Amino acid sequence: MTDGAVLHITGRVLVGPDEVRDELWVVDGRVSYQRPTVARDVRTVTGWAMPGLVDAHCHVGLDAHGAVDEATSEKQALTDRDAGTLLIRDAGSAADTRWIDAREDLPRIIRAGRHIARTRRYIRNYAHEIEPGDLAAYVVQEARRGDGWVKLVGDWIDRERGDLAACWPADALRESIAAAHAEGARVTAHCFAAESLPDLLAAGIDCVEHATGLTEELIPLFAERAVAIVPTLVNIATFPALADGGQEKFPAWSAHMRRLHERRYDTVGAAHDAGVPIYVGTDAGGSLAHGLVAAEVAELVKAGLSPAEALSAASWGARAWLGREGLSEGAPADLVVYAEDPRADVRVLADPRLVVLRGRPIA
């Protein structure tokens with residue numbers, strides 16, 4: 001498209017779960033439902049349009065060994081963009097990716113700063129590794145560095161115990177989450193097991209990543225307090241291989257990981273049935289590839305969400321949760337067009353017909 005040209009989307013525009021329009025115009029990089037009155041070059045694309053997808057647990061600038069260089073970060077962001085992911089909540093990265101904000105061709109990123117973990121209780125080179133007495137200070141630091149989020153590592157393997165264990169005492173969590181809220185930031189936590197969840201809930205946690213340890217007793221509390229979960233089921237699929245690798249040295253941990261994996265769909269389904277807010281996240285950027293948002297949406301459908309609910313978890317609902325616009329009049333034109341209706345089959349998300357970022361069609 002030439003500068004000043006207009007993009008005309010016809011077919012079905014999925015503005016929201018209950019709002020569908022017949023056409024949309026992209027004028028000067030923004031959404032409009034009014035036909036332009038000034039003659040311009042027009043490109044017309046027909047299909048099913050949705051707001052740009054959201055990956056609410058992603059790590060741009062990170063691989064299995066820690067921070068990566070800018071060229072690798074760029075490749076990661078481009079892979080997500082080409083899959084239709086135009087908004088990322090970066091749930092912890094050791095790399096400084098602020099330079100991405102100046103790039104008109106890369107997804108928008110909401111950062112949670114760097115992970116905060118207990119000393120020697122997380123993946124090497126990922127996190128600030130500290131002790132409980134320093135937790136509040138580091139939370140404030142990352143709240144000021146991030147974009148309204150802080151990421152804690154709530155549990156990890158305790159090598160002396162040989163199993164997953166909580167990382168933080170309750171008093172440190174209360175002080176730290178209160179400090180984050182005073183800074184205007186929300187707090188999320190990596191949690192596989194159940195042990196850390198009661199203290200995090202009592203401290204006022206806003207979100208839990210993975211949440212494989214949810215129990216029948218805890219799920220109603222999550223629902224009552226509107227604590228969101230981001231299940232990252234494409235990541236949970238790796239648990240059996242991880243368990244096999246640790247079987248000889250940590251048999252209790254390995255058995256625990258297999259149990260969490262076996263009941264993953266039941267766990268997410270029960271949370272959904274209780275009304276716990278659920279959002280799409282892939283955990284890309286550690287050991288997982290980028291561009292897996294469509295696969296994660298399909299996993300949520302397997303877990304019991306309806307196609308419309310799973311789509312909302314990756315688009316309308318996720319954008320509202322993160323405080324970002326969708327396809328409202330005058331909003332920045334970040335959208336994806338598909339050849340078929342994703343409400344009929346969410347697997348359609350894996351094959352975008354057109355990605356439009358900041359009003360610019362991506363080839």
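Values below: all heavy atoms of this structure, side chains included; hydrogens, waters and symmetry mates excluded. Computed from a predicted model, the values in this text were never measured in an experiment.
- No donor-acceptor pair closer than 3.5 Å links the side chain of Thr85 to the backbone N or O of Arg81.
- Taking the side chain to side chain contact (heavy atoms under 4.5 Å, CB included) definition, one finds that Ser254 meets it with Ala243, Gln247, Arg258, sequence neighbours left out.
- Judged as a side chain to side chain donor-acceptor pair (under 3.5 Å), and not counting sequence neighbours, the contacts of Arg108 are Asp334.
- Of all heavy-atom pairs spanning Leu233 and Ala303, the tightest one is CD1-CB, 4.3 Å.
- With values rounded to the nearest 0.5 angstrom, Glu131 atom CD is found 11.0 Å from Tyr138 atom OH.
- The residues Arg98 and Asp96 are annotated as not salt-bridged, no charged nitrogen and carboxylate oxygen being separated by less than 4.0 angstrom.
- Interatomic distance, Leu200 CG to Ile177 CD1, rounded to the nearest 0.5 Å: 5.5 Å.
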Derivation and outcome, side chain to side chain contact (heavy atoms under 4.5 Å, CB included), residues Asp147 and Asp90: CA-CA 10 Å; Asp147 300 313; Asp90 194 327; over 6 Å; no
Could you walk me through whether Phe239 and Glu262 pass the side chain to side chain contact (heavy atoms under 4.5 Å, CB included) check? CA-CA 9 Å; Phe239 278 17; Glu262 288 167 2; over 6 Å; no
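- There is a path of hydrophobic side-chain contacts, each under 4.5 Å, that joins Ile123 to Leu242.
- Taking CZ from Arg118 and CZ from Arg120, the interatomic distance works out to 13.0 Å, rounded to the nearest 0.5 Å.
- Listed by first and then second residue, the salt bridge (charged side-chain N to carboxylate O under 4.0 Å, His left out) pairs that reach into residues 152-178 are Arg161-Glu195, sequence neighbours excluded.
- Residue Glu216 places its CD atom among 12 or fewer non-hydrogen atoms of other residues, nucleotides or ligands, all under 6.0 Å distant.
- Side-chain heavy-atom separations under 4.5 angstrom define the hydrophobic clusters, and the remaining members of the one that includes Leu87 are Val54, Ile110, Trp149, Val230, Tyr279, Trp321, Leu322.
- The backbone N or O of Gly317 sits less than 3.5 Å from a side-chain atom of Ser312, completing a donor-acceptor pair.
- Checked against ring-ring contact (aromatic ring centres under 6.0 Å, His included), His8 has the following partners two or more places apart in sequence or in another chain: Trp25.
- Under the 4.5 Å side-chain criterion, counting only non-hydrogen atoms from C-beta, Lys302 is not in contact with Arg264.
- Between the side chain of Ser93 and the backbone N or O of His59, no donor-acceptor pair lies under 3.5 Å.
- Grouping the Ile, Leu, Val, Met, Phe, Trp and Tyr side chains by contacts below 4.5 angstrom, directly or via other members, places Val355 with Leu14.
- Between the side chain of Gln34 and the backbone N or O of Glu329, no donor-acceptor pair lies under 3.5 Å.
- For the residue pair Ser315 and Pro51, the shortest heavy atom distance occurs at CB-O, 4.4 Å.
- In this structure, the separation between OG on Ser176 and CG on Asp134 is 10.0 Å, given to the nearest 0.5 Å.
- For the residue pair Thr232 and His210, a side-chain donor N or O sits within less than 3.5 Å of a side-chain acceptor on the partner.
- Across Ala313 and Leu300, no two heavy atoms sit closer than the pair CB-CD1, 4.1 Å.
- Tracing side-chain contacts under 4.5 Å through hydrophobic residues (I, L, V, M, F, W, Y), one never reaches Leu292 starting from Leu86; they form parts of separate clusters.
- Summarising the geometry, atom CZ belonging to Arg225 is positioned 12.0 Å from atom CD1 belonging to Ile205; distances are rounded to the nearest 0.5 Å.
- There is a side-chain donor-acceptor pair under 3.5 Å between Asp206 and His181.
- Without hydrogens or angle criteria, Arg319 side chain to Gly326 main chain gives no donor-acceptor distance under 3.5 Å.
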Give the C-alpha distance, both sets of side-chain angles, the deciding distance and a yes or no for side chain to side chain contact (heavy atoms under 4.5 Å, CB included) between Arg12 and Asp22. CA-CA 5 Å; Arg12 309 301 283 164; Asp22 295 327; 2.4 Å; yes
Please lay out, stage by stage, how Arg89 and Asp55 fare under the test side chain to side chain contact (heavy atoms under 4.5 Å, CB included). CA-CA 6 Å; Arg89 186 184 61 149; Asp55 188 338; over 6 Å; no
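- Side-chain polar atoms of Thr97 and Arg111 form a donor-acceptor pair below 3.5 angstrom.
- Between Leu214 and Val276, the closest side-chain pair of non-hydrogen atoms is not below 4.5 Å.
- Separating the CD1 atom in Ile219 from the CG atom in Asp273 is a distance of 9.0 Å, to the nearest 0.5 Å.
- The two residues Leu288 and Asp283 make their nearest non-hydrogen contact at CB-O, 4.0 Å.
- Inter-residue side-chain proximity for Val31 and Ser328 is flagged as unmet; no heavy-atom pair is nearer than 4.5 Å.
- Residues Leu218 and Pro198 approach most closely at CD2-CG, 4.0 Å, considering heavy atoms.
- Within a 6.0 Å sphere centred on CZ of Arg263, heavy atoms belonging to other residues, nucleotides or ligands number more than 12.
- Classified by interplanar angle (parallel below 30°, tilted 30° to 60°, perpendicular above 60°), the ring pair Tyr122/Trp156 is perpendicular.
- The closest donor-acceptor contact from the side chain of Glu19 to the backbone of Gly16 lies at 3.5 Å or more, if one exists at all.
- The closest side-chain heavy-atom distance from His57 to Glu296 is not below 4.5 Å.
- Residue-environment remark: CZ (Arg360) stays at or below the threshold of 12 foreign heavy atoms within 6.0 Å.
- Of all the heavy atoms in Val337 and Gly47, the pair that sits closest is CG1-CA, 3.9 Å.
- Other cluster members for Val68: none, since no ILVMFWY side-chain heavy atom sits under 4.5 Å from it.
- Checked by atom type and distance alone, the side chain of Arg114 pairs as donor or acceptor with a backbone atom of Tyr126 at under 3.5 Å.
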Would Glu142 and Arg145 count as a salt bridge (charged side-chain N to carboxylate O under 4.0 Å, His left out) here? Give the steps. CA-CA 5 Å; Glu142 295 310 299; Arg145 291 182 57 204; 3.1 Å; yes
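- The shortest distance between side-chain heavy atoms of Leu164 and Trp253 falls below 4.5 Å.
- In this structure, the side chain of Asn125 engages the main chain of His65 through a donor-acceptor pair within 3.5 Å.
- Side-chain contact between Ser196 and Trp168 is absent, with no heavy atoms from C-beta onward closer than 4.5 Å.
- The pair Arg103-Asp105 counts as a salt bridge, with a side-chain nitrogen and a carboxylate oxygen less than 4.0 angstrom apart.
- Under the 4.5 Å side-chain heavy-atom criterion for grouping Ile, Leu, Val, Met, Phe, Trp and Tyr, Leu24 is connected to Leu354 within one hydrophobic cluster.
- Residues Tyr33 and Val13 have side chains in contact (heavy-atom distance under 4.5 Å, counting atoms from C-beta outward).
- Looking at heavy atoms from C-beta onward, Leu78 lies in side-chain contact with Leu106 at the 4.5 angstrom threshold.
- Linking Ile, Leu, Val, Met, Phe, Trp and Tyr whenever their side-chain heavy atoms come within less than 4.5 Å puts Val336 and Ile362 in one cluster.
- Side-chain atoms of Arg121 come within 3.5 Å of backbone atoms of Ile157 as a donor-acceptor pair (strictly under, hydrogens ignored).
- Side-chain N/O atoms of Thr188 and Glu209 include a donor and acceptor closer than 3.5 Å.
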